[in-house]
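Excluded from the calculations below are hydrogen atoms, water molecules and symmetry mates; all remaining heavy atoms, backbone and side chain alike, are included. Since the structure is predicted, the reported quantities are computational estimates derived from the model, not experimental observations.
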Amino acid sequence: MDPKDIYRTAKIMIDLHGEDAPVKAALKADRCLGNGDLEGVAVWESVIRAIDELSATKGAQSLH
């Protein structure tokens, strides 16, 4: 998946689920794993990392 798509998906997950976004993404990764979709797992793990990055950036901005 294209990095832009990863970050778009992360942003959508944050907008929809707020602080629960990493948990929701992890559940999707688990679902992929349960279905044997290792590529899907890798994509959702990338989304989780992007959520963490975007959340950290957002938190740092709110301190200013």
Side-chain angles (χ1 to χ4, degrees):
M1 184 179 250
D2 184 280
K4 288 180 185 178
D5 292 330
I6 295 290
Y7 281 92
R8 274 191 211 111
T9 302
K11 172 81 169 82
I12 290 167
M13 293 295 288
I14 291 168
D15 290 345
L16 290 174
H17 304 291
E19 292 180 7
D20 291 335
V23 173
K24 297 290 186 174
L27 290 171
K28 290 183 179 287
D30 286 345
R31 198 168 305 129
C32 289
L33 184 59
N35 292 328
D37 179 6
L38 299 182
E39 186 175 324
V41 172
V43 168
W44 282 107
E45 287 176 346
S46 295
V47 171
I48 293 166
R49 284 190 296 276
I51 289 169
D52 290 342
E53 284 181 38
L54 292 174
S55 296
T57 302
K58 185 177 179 180
Q61 288 176 351
S62 66
L63 295 176
H64 298 283

Looking at Ala50 and Ala10, what are the two nearest heavy atoms and their distance? CB-CB, 3.7 Å

Residue set satisfying side-chain contact (heavy atoms from CB on, under 4.5 Å) with Ile14, at least two apart, ordered chain then number -> Ala21, Ile51, Leu54, Ser55

Who else is in Leu33's hydrophobic cluster (ILVMFWY, side-chain heavy atoms under 4.5 Å, direct or via others)? Leu38, Val41

By the side-chain hydrogen bond (donor to acceptor under 3.5 Å, both in side chains) test, which pairs, at least two apart or in different chains, include something from residues 33-48? Ser46-Arg49

Which pairs count as side-chain hydrogen bond (donor to acceptor under 3.5 Å, both in side chains) when at least one residue sits in residues 12-31, sequence neighbours excluded? Lys11-Asp15

When hydrophobic residues are tied together by side-chain contacts of less than 4.5 Å, even through go-betweens, does Met1 share a cluster with Met13? yes

